[in-house]
Trainee: 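Below is a structure I'd like to ask you about.
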There are 2 protein chains.
Amino acid sequence: MSKYINAMNDIFKALNDATRREILDLLKQKDLSAGEIADAFNISKPSISHHLDILKRADLITSEKNGQFIIYSINTTIMEDVLQWILTFKQ
Amino acid sequence: MSKYINAMNDIFKALNDATRREILDLLKQKDLSAGEIADAFNISKPSISHHLDILKRADLITSEKNGQFIIYSINTTIMEDVLQWILTFKQ
DNA sequence: TATATATTTAGACAAATATCTAAATACTTT
DNA sequence: AAAGTATTTAGATATTTGTCTAAATATATA
């Protein structure tokens with residue numbers, strides 16, 4: 001099993017959850033702390049933390065510590081892999 | 001919850017499995033019967049049938065009965081929804 | 001009509017997933 | 001140093017998922 005296939009697995013797994021897709025939609029607009037992200041959902045902070053971990057493992061987001069906050073940012077370049085796969089279906 | 005979001009859920013759920021993505025890759029090349037698809041994998045026919053059902057519910061494939069065979073075809077138009085969503089991440 | 005072939009449905013089960021609460025870690029402020 | 005804030009880790013649990021075998025359904029052929 002190639003690294004490419006593992007990456008695709010991680011990406012599709014990460015995208016297979018409405019909450020995680022919404023998190024990406026939020027981060028598309030601006031960087032946010034874990035707490036700010038959690039505040040946007042009726043889900044506990046530990047659960048959001050877990051979702052962030054899955055997105056991070058898929059390389060869809062990155063994080064940077066800023067004092068006591070952890071700021072999450074979207075990594076749009078990884079979407080290119082999915083985009084390319086999708087494009088193979090265009091005729 | 002909108003119909004759009006349900007559709008996206010079904011699509012991402014369907015794509016979140018390497019076997020199902022491979023089935024789509026096969027059907028990209030040509031229409032195949034359920035048996036021909038099953039022959040391409042080391043998975044039982046009932047399991048493949050279940051995968052086909054999930055792909056069909058997501059509208060990613062269509063099926064047509066031809067005698068005792070059921071021929072599956074890819075529906076590329078539904079990929080447009082995913083494509084559009086992915087494209088919102090391009091800067 | 002009986003038998004063979006193609007596919008799905010039903011039911012079971014182990015593994016993966018999303019969620020929670022409680023506790024731990026790390027940083028900031030008083 | 002103690003208390004407060006931000007976040008994650010740990011552990012538990014209910015639900016979902018992928019797989020299997022056995023049985024049912026539908027079509028074709030002898």
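Throughout, protein chains are lettered first and strands after them, A, B, ... in sequence-line order, and every chain is numbered starting at 1.
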Trainee: Listed in order of residue number, which residues of residues 56-65 of chain B have a non-hydrogen atom at under 4.0 Å from DNA chain D?
Mentor: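 Those residues are B:K65.
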
Trainee: Working to the nearest 0.5 angstrom, can you tell me the gap between B:R21 CZ and B:N16 CG?
Mentor: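 It is 7.0 Å, given to the nearest 0.5 Å.
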
Trainee: Listing request: all salt bridge (charged side-chain N to carboxylate O under 4.0 Å, His left out) pairs with a residue in residues 38-47 of chain B, at least two apart in sequence or in separate chains.
Mentor: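 Qualifying pairs, neighbours excluded: B:D39-B:K45.
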
Trainee: Could you tell me if the side chain of B:F89 sits less than 4.5 Å from the side chain of A:T77, heavy atoms only?
Mentor: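 Counting from C-beta outward, A:T77 and B:F89 never come under 4.5 Å.
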
Trainee: Sequence neighbours excluded, which residues qualify as salt bridge (charged side-chain N to carboxylate O under 4.0 Å, His left out) partners of A:D31?
Mentor: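 Residues passing salt bridge (charged side-chain N to carboxylate O under 4.0 Å, His left out) with A:D31: none at all.
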
Trainee: Which pairs, protein N/O on one side and nucleotides 12-17 of chain C N/O on the other, fall under 3.5 Å?
Mentor:
none

Trainee: In residues 33-40 of chain A, which residues come under 4.0 Å of DNA chain C by heavy atom?
Mentor: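 Output list: empty, so none.
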
Trainee: Nearest whole angstrom, please: distance from the P of D:dT17 to the CG of B:N9.
Mentor: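 It works out to 10 Å between those atoms.
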
Trainee: Would you mind reading off the distance between B:I54 atom CD1 and D:dT16 atom P, rounded to a whole angstrom?
Mentor: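 One finds 13 Å between P of D:dT16 and CD1 of B:I54, rounded.
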
Trainee: With nearest nucleotide decided by heavy atoms, which residue, A:D53 or A:F69, maps closer to the 5′ end of DNA chain D?
Mentor: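 Closest to the 5' end, via its nearest nucleotide, is A:F69.
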
Trainee: Does D:dG18 have OP1 or OP2 sitting under 4.0 Å from an N or O in the side chain of B:S47?
Mentor: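 No, because none of the side-chain N or O atoms of B:S47 sits under 4.0 Å from OP1 or OP2 of D:dG18.
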
Trainee: Which part of the nucleic acid, if any, lies within contact of A:Y72, taking any heavy atom under 4.0 Å across all strands shown: a base, the sugar-phosphate backbone alone, or nothing?
Mentor: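 A:Y72: backbone/sugar contact only, no base atoms under 4.0 Å.
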
Trainee: Whole Å only: how far is the CG atom of B:L32 from the C1' atom of C:dA6?
Mentor: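 After rounding, the gap between these two atoms is 15 Å.
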
Trainee: Any N/O pairs under 3.5 Å between the protein and nucleotides 28-30 of chain D? List them or say none.
Mentor:
none

Trainee: In whole angstroms, how far is the P atom of D:dT7 from the CG atom of A:L52?
Mentor: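 Taking CG of A:L52 and P of D:dT7, I get 10 Å after rounding.
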
Trainee: Running the 4.5 Å side-chain criterion over Ile, Leu, Val, Met, Phe, Trp and Tyr, what cluster does B:F69 land in, apart from itself?
Mentor: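 In the cluster with B:F69 are B:I71.
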
Trainee: Measure the shortest side-chain to side-chain distance between B:I23 and B:F41 over non-hydrogen atoms and say whether it is less than 4.5 angstrom.
Mentor: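 Side chain of B:I23 against side chain of B:F41, heavy atoms only: contact under 4.5 Å found.
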
Trainee: For A:Y72, which residues count as a side chain to side chain contact (heavy atoms under 4.5 Å, CB included) partner, sequence neighbours excluded?
Mentor: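 A:Y72 satisfies side chain to side chain contact (heavy atoms under 4.5 Å, CB included) with A:L27, A:A34, A:I37, A:L52, A:K56, A:I61, A:S63, A:I70 once adjacent residues are dropped.
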
Trainee: List for me each residue that meets salt bridge (charged side-chain N to carboxylate O under 4.0 Å, His left out) alongside B:D53, sequence neighbours excluded, and say none if there are none.
Mentor: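 B:D53 satisfies salt bridge (charged side-chain N to carboxylate O under 4.0 Å, His left out) with B:R57 only.
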
Trainee: The criterion is salt bridge (charged side-chain N to carboxylate O under 4.0 Å, His left out); which residues satisfy it with A:D25, sequence neighbours excluded?
Mentor: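 Residues passing salt bridge (charged side-chain N to carboxylate O under 4.0 Å, His left out) with A:D25: A:K28.
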
Trainee: For A:L55 and C:dA18, give me the distance from atom CG to atom P, rounded to whole Å.
Mentor: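 The distance from CG of A:L55 to P of C:dA18 comes to 10 Å, rounded to the nearest Å.
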
Trainee: According to a strict under-4.0 Å criterion, is B:S44 in side-chain N/O contact with OP1 or OP2 of D:dT19?
Mentor: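 So the side-chain polar atoms of B:S44 never come under 4.0 Å of the phosphate oxygens OP1 or OP2 of D:dT19.
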
Trainee: Does B:Q84, at its CD atom, have more than 12 non-hydrogen atoms belonging to other residues, nucleotides or ligands within less than 6.0 Å?
Mentor: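 Result for CD/B:Q84: enclosed.
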
Trainee: Run the salt bridge (charged side-chain N to carboxylate O under 4.0 Å, His left out) test against A:E80 and tell me which residues pass, sequence neighbours left out.
Mentor: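 Expected list: B:K90.
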
Trainee: Find the distance A:I48:CD1 to D:dT9:C1' and express it as a whole number of Å.
Mentor: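 It is 16 Å, rounded to the nearest whole Å.
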
Trainee: If each of A:H51 and B:K45 is mapped to the nucleotide of DNA chain C with the nearest heavy atom, which maps nearer the 5' terminus, i.e. the 5' end?
Mentor: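 This one resolves to B:K45.
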
Trainee: Would you please name every residue forming a side chain to side chain contact (heavy atoms under 4.5 Å, CB included) with A:I86, sequence neighbours left out?
Mentor: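 A:I86 satisfies side chain to side chain contact (heavy atoms under 4.5 Å, CB included) with A:V82, B:M79, B:V82, B:L83 only.
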
Trainee: Figure out the CD1/P separation between A:I43 and D:dT7, and round it to whole Å.
Mentor: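 To the nearest whole Å, that distance equals 16 Å.
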
Trainee: Could you state the interatomic distance from CG (A:L15) to CG (A:L60), rounded to the nearest 0.5 Å?
Mentor: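 Going from CG on A:L15 over to CG on A:L60, the span is 5.5 Å.
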
Trainee: In terms of hydrophobic clustering (I, L, V, M, F, W, Y; side-chain heavy atoms under 4.5 Å; direct or indirect links), are A:I54 and A:I74 co-clustered?
Mentor: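 No, separate clusters.
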
